[in-house]
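Data first, discussion second: the structure below is written as structure tokens.
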2 protein chains.
Amino acid sequence: MESDLSNPTLQALRRILRATEIGSRKLATTTGLTPSQMLVLREIEGRDQATPSAIASALKFSQATITNVVDRLVLSGLVTRERSDRDKRQIMLHATAAGRDALACAPDLLQSQFTDRFASLAAWEQAMILASLEKLSLILGAQDMDVAPLLDSGAIDRTEPG
Amino acid sequence: MESDLSNPTLQALRRILRATEIGSRKLATTTGLTPSQMLVLREIEGRDQATPSAIASALKFSQATITNVVDRLVLSGLVTRERSDRDKRQIMLHATAAGRDALACAPDLLQSQFTDRFASLAAWEQAMILASLEKLSLILGAQDMDVAPLLDSGAIDRTEPG
DNA sequence: CAAATATGATTAGCCTCCCAAAGTATTTAA
DNA sequence: TTAAATACTTTGGGAGGCTAATCATATTTG
């Protein structure tokens, strides 16, 4: 019966997941943005110019979903749509000043809670944590994963895998 | 500007979050349950007897939400409702055989991916990871958090905090 | 060039999630 | 025995996701 740190580790991991999830909601309320909206807005602003399909593939959402979310962002005045000249099938999304503002106020779901306190740790602790997370990445099969999103949500994909 | 392991650490953390989230959806498809349904079902089964309000407070959901989810679980034949004798306002929720089956097939969102591989790590690595996660818990303010849920999702709470 | 095909985005329709407020039934307290 | 509290459900609503179908524009090809 070795030590079995497996369970406490899982619990800690769960706490972290839970915390980030709650944080994501809380932050959303303060910004007035939902997590998904945040994601999309960030993605748009990060590129300055962005087509829905680009956002969709970056976030691994369907185009339709992006249309949906962007609808709301436009309604809130955080994003504008503009037909591309080069290819009139395309739509260019831009963050408005208000949109950039909203992002600035809510810098990053994790980052805000994270950076300062992490920086205050001893170097060896930082290194240990990083190493541990990399290991966990490996364990969870997350090594080669896009780093784009933070956390999102949603209905279940019921397409038969087979 | 010392080393700044902050960014790679955040990225690793994001990968992990992302991985668990995707895993949660994938597992849901195989089970035919959504993450929320899994949560509720687990909570019900874990107590053998459970009232909606108990589940709601454990998972920090509203009663209405639980009613909703339970509706679907009942519809799927995984859970039964039964009026309590002692207090006829109460409803007792029970997992059916099928419900327990479903849970058994999908033991745990993380656990499945996790336990074996984690166990195969050296003891010192396990200890390191645990310590790191505890530290992270602290950083993210997740120490005193319920361990109940895994991950869920959903619409944003728009009630004014003030 | 014209027809067929491909691509980008939206629309429509479906389901889930989560909530607050109102409603119903039951229990407890006055 | 009425009033208040409790436990759950109903109702209604906003958001998040998806697929399939549609519309408009581009590209390819005969």
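Residue numbers start from 1 in every chain, and the chains themselves are labelled A, B, ... in the order their sequence lines are given, proteins ahead of strands.
Using a 4.0 Å heavy-atom distance criterion, B:Arg81 is classed as a sugar-phosphate-only contact. Contacts of A:Gln90 with the nucleic acid, taken as non-hydrogen atoms under 4.0 Å apart, involve only primed sugar atoms and P, OP1 or OP2.
Dashed line: the shortest gap from a side-chain N or O of B:Gln37 to OP1 or OP2 of C:dC17 is under 4.0 Å. Within the structure, every side-chain polar atom (N or O) of B:Thr34 is placed at least 4.0 Å from both OP1 and OP2 of C:dT16. Dashed line: the shortest gap from a side-chain N or O of A:Thr65 to OP1 or OP2 of D:dC18 is under 4.0 Å.
Mapping A:Asn68 and A:Arg83 onto DNA chain C via the closest heavy atom, the residue that lands nearer the 5' end is A:Arg83. Between A:Asp87 and A:Ala64, the one whose closest nucleotide on DNA chain D sits nearer the 5' end is A:Ala64.
In this structure, A:Gln63 atom CD and D:dT22 atom C1' are separated by 13 Å, rounded to whole Å. Distance CD1 (B:Ile91) to P (D:dT10): 10 Å, rounded to an integer number of Å. The distance between atom CZ of B:Phe61 and atom C1' of D:dC8, rounded to the nearest whole Å, is 18 Å. Distance, B:Ile66 CD1 to C:dA20 C1': 15 Å, rounded to whole Å. A:Lys88 has its NZ atom 24 Å from the P atom of C:dA6, to the nearest Å. With rounding to whole Å, A:Arg72 atom CZ is found 13 Å from C:dT10 atom P. Distance A:Asp71 CG to C:dA9 P: 13 Å, rounded to the nearest Å. Between B:Glu82 atom CD and D:dT9 atom P the separation is 14 Å, expressed in whole Å.
Judged purely by atom type and a 3.5 angstrom limit, A:Gln37 has no side-chain atom pairing as donor or acceptor with the backbone of A:Val69.
The distance from atom CZ of B:Arg86 to atom CZ of B:Arg83, rounded to the nearest 0.5 Å, is 14.0 Å.
When each of B:Leu41, B:Leu73, B:Ile44 is checked for a side-chain contact (heavy atoms from CB on, under 4.5 Å) with B:Leu93, only B:Ile44 meets the rule.
Below the 3.5 angstrom threshold, one finds a donor paired with an acceptor across the side chain of A:Arg89 and the base of C:dT7.
No side-chain heavy atom of B:Val40 sits less than 4.5 Å from a side-chain heavy atom of B:Val79.
Inspection of the A:Ser36 and A:Thr34 side chains reveals no N or O donor paired with an N or O acceptor under 3.5 Å.
Checking D:dT9, C:dG8, C:dT10 against the side-chain heavy atoms of A:Ser53 singles out C:dG8 as nearest.
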